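All remarks here apply to the structure that follows.
Keep in mind it's a predicted model, so treat the numbers as computed, not measured.
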Amino acid sequence: MTWSAAIGRRVAPLLACVGLLAAWQVAALALKNDGFPTAFEAMRAVPAILGDKEALINILASLRRMTIGFAAAVAVSIPLGLLMGRSRSVAAFFNPLLMVIYPVPKAALMPIIMLWLGVGDIAKTLVIFLGVSLPVIYHSFEGAKAVEEKMLWSGAAMGLSAVQRLVRIVLPAALPEILTGCRTGLVLALITMITSEMIARQSGAGNILFNALDMGQYDTVFAMIIIVGAMGIGLDAAFEKVRARLVRWSEPQFDIPLSFS
């Protein structure tokens, strides 16, 4: 990659954001609608939100729920997806359940979950867990299913047990596909986090957004949208750094010495 191309890749996202803000500013000035503040007014409200201690506590509470829900979903979904990809009986058992749950909007489950678990952190975290788990399971399943059988036969010939083959061959080989599912799940975690907090309004970024809408503080509403978008960009950038460190796992690992005595 040339120097100019590298600079272009770094500058392009910034230019896109500037272009979007410019289009927003022009549209708001043209429409002159009280419910549609200009980009300048919304950007001016961002420091006021980030400088408010209570707002920061709410945003950090959202990130805590999101982290717990995402981590729990990844911890459960990756092993399940890998097992489904390598075992027809496991896939036959779980596939119908997932096909029933997958099309249902997770926000639609929030009222039911609230009846069972109340409106606290557990209910919101569970909704995030459900939103993240399905794409991670699917991509883990597809990644495991695509692993070549000869690789597993080679592992078995080296004396690896079924669990060892799953961890040391299937997991590294399926890792690129798994990371794609995790990246999708990260976006869904942010979406379901905001949605759940707007329905069960106790605390969080979604609660700030909805309260501002109730009080007609439209500049705050759009400022929160900007903050949530920035959170998404930051989380995606952090995930890319983690993904780069995990790339070395993408090649199957065989370190069991063969003996032909």
With hydrophobic residues grouped by side-chain heavy-atom distances under 4.5 Å, do [X] and [Y] end up in a single group?
{"X": "V100", "Y": "V104", "value": "no"}
{"X": "I68", "Y": "I122", "value": "no"}
{"X": "V187", "Y": "I178", "value": "no"}
{"X": "L190", "Y": "I225", "value": "yes"}
{"X": "L50", "Y": "V228", "value": "yes"}

| request: Take the angle between the ring planes of W24 and F36 and call it parallel below 30°, perpendicular above 60°, tilted in between. | output: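 It falls in the parallel class, under 30°.
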Are there over 12 heavy-atom neighbours, none belonging to [X], within less than 6.0 Å of that residue's [atom1]?
{"X": "D214", "atom1": "CG", "value": "yes"}
{"X": "Y138", "atom1": "OH", "value": "no"}
{"X": "M114", "atom1": "CE", "value": "yes"}

Can you name the closest pair of heavy atoms from [X] and [Y] and give their distance?
{"X": "A92", "Y": "P96", "answer": "O-CD, 3.2 Å"}
{"X": "I169", "Y": "P172", "answer": "O-CD, 3.4 Å"}
{"X": "V132", "Y": "G185", "answer": "CG2-O, 3.3 Å"}
{"X": "A223", "Y": "A45", "answer": "CB-CB, 3.7 Å"}
{"X": "T192", "Y": "G131", "answer": "CG2-CA, 4.3 Å"}
{"X": "A189", "Y": "F70", "answer": "CB-CD1, 4.5 Å"}

Could you measure the distance from the [atom1] atom of [X] to the [atom2] atom of [Y]? Nearest 0.5 Å is fine.
{"X": "L130", "Y": "T125", "atom1": "CG", "atom2": "OG1", "answer": "11.0 Å"}
{"X": "Q25", "Y": "E41", "atom1": "CD", "atom2": "CD", "answer": "7.5 Å"}
{"X": "Q217", "Y": "I49", "atom1": "CD", "atom2": "CD1", "answer": "9.0 Å"}
{"X": "D34", "Y": "D219", "atom1": "CG", "atom2": "CG", "answer": "11.5 Å"}
{"X": "M84", "Y": "N95", "atom1": "CE", "atom2": "CG", "answer": "4.0 Å"}
{"X": "I59", "Y": "I227", "atom1": "CD1", "atom2": "CD1", "answer": "5.0 Å"}

Hey, does [Y] have a side-chain heavy atom less than 4.5 Å from the side chain of [X]?
{"X": "V136", "Y": "V76", "result": "no"}
{"X": "T195", "Y": "I199", "result": "yes"}
{"X": "T220", "Y": "M215", "result": "no"}
{"X": "L179", "Y": "H139", "result": "no"}
{"X": "Y218", "Y": "L213", "result": "yes"}
{"X": "F94", "Y": "I137", "result": "no"}
{"X": "E197", "Y": "N58", "result": "no"}
{"X": "T38", "Y": "L29", "result": "yes"}

For [Y], does its backbone N or O pair with a side-chain atom of [X] as donor and acceptor, under 3.5 Å?
{"X": "E177", "Y": "A174", "result": "no"}
{"X": "S196", "Y": "M193", "result": "yes"}
{"X": "S62", "Y": "A205", "result": "yes"}
{"X": "R183", "Y": "F239", "result": "no"}

